[in-house]
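So you know, we letter chains A, B, ... as the sequences are listed, proteins then strands, and number each from 1.
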Amino acid sequence: MKKGDHLFLVDGSGYIFRAYHALPPLNRKSDGLPTSAVLGFCNMVWKLMQDARNTSVGIVPTHFAVIFDYSSKTFRSDLYPEYKANRSAPPEDLIPQFGLIRQATVAFNLPCIEMEGFEADDIIATYSRLACEVGADTTIVSSDKDLMQLVGPTVGMYDPMKDRQIGIPEVVEKWGVPPEKMIDLQALTGDSVDNVPGVPGIGPKTAAQLLEQFGDLDGLLARASEIKQDKRRETIIANADKARISRELVTLKNDVPLKEGLDDLILHAPDGPKLIGFLKTMEFTTLTRRVAEATATEIGDVQAASVTIERADTAHGPDVGAGAPAAPRPAPPNGTAEPSRPPVRGEDAPPQGDTPSLLSALRLEQATARKIDPSAYTAIRDLAALKAWVAEAREAGILAFDAETTSSDPMQAELIGLSMAIAPGRAVYVPLAHMSGNGDLLGGGPLADQIAVREALALLKPLLEDRSVLKIVQDMKYDIVVMSRHGIEVGPFDDTMLVSYVLDAGTSGGHDLASLSEKWLGHAPASKKELAGSGKSAIGFGQVDIERATAYAGEQADLALRLWQLLKPRLAAKGLVSVYERLERPLVPVLARMEQRGISIDRQILSRLSGELAQGAARVEEEIYGIVGERINIGSPKQLGDILFGKMGLPGGSKTKTGQWSTSAQLLEDLAAEGHELPRKIVDWRQLTKLKSTYTDALPGFINPGTNRVHTSYALAATTTGRLSSSDPNLQNIPVRTAEGRKIRTAFIAEKGHKLVSADYSQIELRVLAHVAEIPQLKQAFADGADIHAITASEMFNVPVEGMPSEVRRRAKAINFGIIYGISAFGLANQLSIPREEASAYIKRYFERFPGIRDYIEETKTYARENGFVETIFGRRIHYPEIRSSNPSVRAFNERASINARLQGTAADIIRRAMVHMEEALEKAKLSARMLLQVHDELIFETVEAEVEATIPVVRRVMENAPMPAVSMSVPLHVDARAAHNWDEAH
DNA sequence: ACAGAAGCTTA
DNA sequence: GTAAGCTTCTGTT
């Protein structure tokens, strides 16, 4: 090696973990072998090697090595036995990939370096020192902070996943110290992942500041007494030894005795057939094709290679990556390996040759084939160009679009521009209301070269309403509300967020565009934050310059289109089309209309209540100060705990998981019951201040000045079970249990001459339970219209319903609810304040009387364990990937959740169906009632007074028959409905 | 300015 | 024992 050469050192071990966690799971089609990290690794190495041939790129490797950890036992464990001691075993589906990545390295014709007793980082440190000594440059392919100490004038780092160079300035920017001080900084901060102790309470910011002040760690420790802050000074003096040992642990060893010298690392051209053989075996079709093209190799001429797979059950040692050449098992004769685990039924099973699965695979290729390049999107700035685009979109028949606006509240949002895409990579942005100036006081005037909103929308309206052009949008409800305020009724449509929700509810990750893009396309889209800033200094989207806005907005539409291409076919492949088409998509315009209508609230009532609550709270506050003897902050659980259990020495204190005294309402109630005065007053104070701050003070701020009503926002894809959620404001948690709280409901009122109608399902989840678990006694009780909890109590305790003590019924009721929540003796005991043994006995007795429920619970757990998901009676899937966890409490939690999900999810599906059918039924009956709110088992309407009596039976009929005709339930549904001027009296 | 914990509201 | 969202405090940035 000589001056001018360039050595690439890939941190193989670090990359494995990062690729595994960053990339969407991928399984080899033929046998389910997990391969996502292997593919990520191969793509990354291939790209780096291709860049080597492209001399126009700044960095050109001449030497190349991939470095791995050998085992977790290194000289550092002798230094400090706890080092890396709290590492947990790698995920099961990662284990076979360690060996495969080493084999991939060999297939790429690259040196695969590891050394017993040393970490990959030490080997990297040694090579980079050697390269430096002969005057060559080094690039370390990693983003691990532990390697940043090596950065220098000739040594840089490169993060392949973020495509980012890390040099001296980047280290300083990120950590506040130059690379040579990284060792001292890490010595102070420690590392919880590797179990490097550091000094407790010192984070990177404090450490950088101290090193700035004292020069280095030795200087700091020598002059620690000069530190001003008392606590900091004491901890640093007390933990000086920990800092010193930490420094030893984080200092990389740059004199590892290496077998391969620098000249053994010369980069050779890849051996096409050898590499393709490996890639073919892995079934990486796209990469195989690329490599074949680049190396002019015929794919068909190459035999699949044989690879060895490390299985989870044969893995050894804490760092399974370790034993690279570990006893290879003979490969099966056909050259493919056995699956590492049996494929789960229905989930990413190998294609059976059925069209939907093949289509899914094809669409994945299409969606990812063309590179995502935000600079390729164009801005449309005149009518002629827009006309041409509209014609093109008509031809295409599909159009992804996204509205850029001034607000996340669609009722307040002003249009700034529209982006659209008709094919992957083919996206445009139509700026409409961008302003000049860069966040100046007045923001300047509108920019030139923009089509006027009216003209643009006049041209786009026919396209957006065209029944023969499918619109594709991520979160359609928002765009429906915004566009309908401009007189455009967008349709027909598909919503990528909802497709993902139907496919993957319960799997990790959200259903927002950025999450989906990362998960499926391996691409992190530009964030609005990057563009417009955040917090106080944020600028409006209209102030973003049009070029940057085009790149951002175009990408949003492009990604929605690509995601649709690859996700939509999966619905059919998994039999989820009808869930999407009956329960999700049609609800979108219904909810959009509910949100747009909003509900009227009476400011005066709320303001009067606020005053009363303030007075009440002030009175209680004074009483509390009187008892305590000082003016503590009652809202601070910390101060409260210190007073109650420290100063006043009350008994029965318990601690929360962070070691604080618990001051929960339950605990305070118990203390109050023992005759203590203070806890009662604290509970009262909390109720008053809660009602005031969360409701009476906050709600008026949500009144839209234009409509004078409150418009909540419903999330369709926020819960795992299929329920909706409500926010800004949340109108699904308006108080109802206490008389004080119910007063807030009196502020939700109907317009003049109108009434609110509230209709709610009675015991819907227990009815669903009786139906799915087929419990004869419960079915009979519901058919008779009997008191279900009393019947339960009667069955369990052999007491007649007539004259039953309320306590007996209360216990049966708690058990019924417990079943819905996935009962545990612990939970029931807590709920009823009885010993756990007693709760256990109740449950046992319950199962004896209702054996069908025990069967239902067991069957649900088994099904969830085998499939990784449960289903509602309408086929909605709710995933519980952690149900096979080896951690018993995680497993038990997932079992309870899956039991609950079938019931809660089915109930959610039923009310969704009612909502989808409701508008048409009202219209058919020539009723003007408007649906305003949904609260899980309740619908609230507003209707003219004269139609109240006619409306109620229609609403009841639709709700009670909602499962039909998809499902005919063996238990009748019952709906209670009432009308009144306000929500309190209607409920 | 933001994140997490604790607490409280609903079905 | 299930499912959510919002406010306050607290500690860190």
Side-chain angles (χ1 to χ4, degrees), chain A residues 176 201-206 209 505-506 529 533-538 633-641 655-668 682-683 686-695 697-699 702 712-715 718-738 740-742 744-745 760-761 763-765 814-832 836 839 843 857 878 889 892-905 907-908 911 933-938 987:
Chain A
I202 305 291
K205 300 291 159 186
T206 315
Q209 183 240 309
K529 260 191 192 165
S534 68
K536 220 171 117 189
S537 55
N633 181 350
I634 309 169
S636 162
K638 189 165 141 41
Q639 293 185 32
L640 217 46
K655 298 281 181 82
T656 66
K657 64 180 170 196
T658 54
Q660 290 293 322
W661 289 110
S662 166
T663 65
S664 67
Q666 177 63 57
L667 197 147
L668 296 181
I682 294 168
V683 170
R686 280 194 182 152
Q687 191 201 11
L688 297 169
T689 52
K690 173 77 179 178
L691 293 176
K692 181 167 186 287
S693 66
T694 308
Y695 303 105
D697 286 354
L699 283 172
F702 285 101
T712 184
S713 173
Y714 287 106
T719 71
T720 47
T721 55
R723 275 191 176 180
L724 303 179
S725 76
S726 154
S727 65
D728 310 294
N730 180 356
L731 296 185
Q732 292 180 324
N733 71 347
I734 302 301
V736 71
R737 288 195 225 270
T738 66
E740 276 296 300
R742 263 200 307 278
I744 290 161
R745 291 197 170 216
D760 66 291
Y761 284 106
Q763 310 285 8
I764 187 163
E765 287 175 4
I815 296 172
N816 277 337
F817 273 93
I819 298 294
I820 293 170
Y821 297 153
I823 201 154
S824 76
F826 181 84
L828 183 65
N830 258 346
Q831 177 66 33
L832 289 174
R836 183 125 51 109
I843 294 170
I857 288 172
I878 301 135
S889 66
F893 175 82
N894 279 272
E895 288 171 353
R896 291 195 298 273
S898 55
I899 291 160
N900 173 256
R902 284 181 75 184
L903 307 174
Q904 188 185 110
I911 197 166
L933 302 178
Q934 189 250 42
V935 192
H936 309 309
D937 66 359
E938 176 188 13
H987 183 73

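Evaluation of atom-type donor-acceptor distances gives no pair under 3.5 Å for the side chain of Gln732(A) against the base of dT10(B).
Checking Thr719(A) against Ser636(A), the closest nucleotide of DNA chain C that is more toward the 5' end is the one next to Thr719(A).
One atom, CG of Leu667(A), and another, C1' of dA6(B), lie 13 Å apart when rounded to the nearest Å. As rounded to whole Å, 6 Å separates atom P of dT10(C) from atom CD of Gln639(A). In this structure, Ile857(A) atom CD1 and dG1(C) atom C1' are separated by 11 Å, rounded to whole Å. If you measure from atom OH of Tyr695(A) to atom C1' of dT7(C), you get 10 Å, rounded to the nearest angstrom. Leu903(A) places its CG atom 18 Å from the P atom of dG1(C), with the value rounded to the nearest Å. The separation between Leu724(A) atom CG and dG5(C) atom P is 11 Å, rounded to whole Å. To the nearest angstrom, P of dA11(B) lies 13 Å from CG of Leu731(A). Ile744(A) has its CD1 atom 12 Å from the C1' atom of dT10(B), to the nearest Å.
Side-chain atoms of Lys690(A) lie closest to dG7(B) of the nucleotides dA11(B), dG1(C), dG7(B). The side chain of Lys638(A) sits closest to dT10(C) out of dA6(B), dT10(C), dA3(C). The side chain of Thr721(A) approaches dA3(C) more closely than any other nucleotide in the set dA11(B), dC6(C), dA3(C). Listed nucleotides: dG7(B), dA3(C), dG1(C). Nearest to the side chain of Phe893(A): dA3(C). In the set dT2(C), dG7(B), dT10(B), dT10(B) carries the atom at the smallest distance from any side-chain atom of Arg737(A). Side-chain proximity of Thr663(A) to dG7(B), dA3(C), dG1(C): nearest is dG7(B). The Pro735(A) side chain lies nearest to dT9(B) when the options are dC9(C), dT9(B), dA3(C). Of the candidates dT8(C), dG1(C), dA11(B), dG1(C) carries the atom nearest the Arg896(A) side chain, counting heavy atoms from C-beta on.
Phosphate contact (OP1/OP2 of dA6(B), side-chain N/O of Ser664(A), threshold under 4.0 Å): absent. At the phosphate of dA6(B), OP1 or OP2 sits under 4.0 Å from a side-chain N or O atom of Thr656(A). The side chain of Thr658(A) contributes no N or O atom lying less than 4.0 Å from OP1 or OP2 of dA5(B). The side chain of Thr720(A) contributes an N or O atom lying less than 4.0 Å from OP1 or OP2 of dA4(C). Side-chain nitrogen and oxygen atoms of Asn633(A) include at least one within less than 4.0 Å of the OP1 or OP2 phosphate oxygen of dC9(C). The shortest distance between the side-chain N/O atoms of Thr694(A) and the OP1/OP2 oxygens of dG5(C) is not below 4.0 Å.
Counting non-hydrogen atoms under 4.0 angstrom, Ile734(A) reaches the backbone sugars and phosphates but no base. Residue Gln831(A) is in base contact, counting any heavy-atom pair closer than 4.0 Å across all strands shown. Among the protein residues, Leu828(A) comes within range of the nucleic acid bases, having at least one heavy atom under 4.0 Å from a base atom. Residue-level contact check: Gly818(A) touches the bases, meaning some heavy atom is under 4.0 Å from a base atom. Base contact: Asn733(A) has a heavy atom under 4.0 Å from a base atom. Using a 4.0 Å heavy-atom cutoff across all strands shown, Ala829(A) reaches no nucleic acid atom at all. Heavy atoms of Ala665(A) sit under 4.0 angstrom from primed sugar atoms or phosphate atoms, though from no base atom. If you check every strand for non-hydrogen atoms under 4.0 Å, Ser824(A) touches a base.
Looking at Thr694(A), its side chain never comes within 3.5 Å of a backbone N or O of Leu691(A) through a donor-acceptor pair. Side chain of Ser726(A) to main chain of Leu731(A): a donor-acceptor pair is present (N/O by atom type, distance under 3.5 Å, no hydrogens or angles). Remark: the backbone N or O of Ile820(A) is paired with a side-chain donor or acceptor of Asn900(A) at under 3.5 angstrom. Side chain of Thr719(A) to main chain of Gly722(A): a donor-acceptor pair is present (N/O by atom type, distance under 3.5 Å, no hydrogens or angles).
Between Leu828(A) and Ile843(A) the shortest side-chain heavy-atom distance falls below 4.5 Å.
Relative to the ring axis of Trp661(A), Lys638(A) does not place its NZ or CZ within 45° and under 6.0 Å from the centre.
Smallest separation of non-hydrogen atoms from Asn633(A) and Gln639(A): N-OE1, 2.9 Å.
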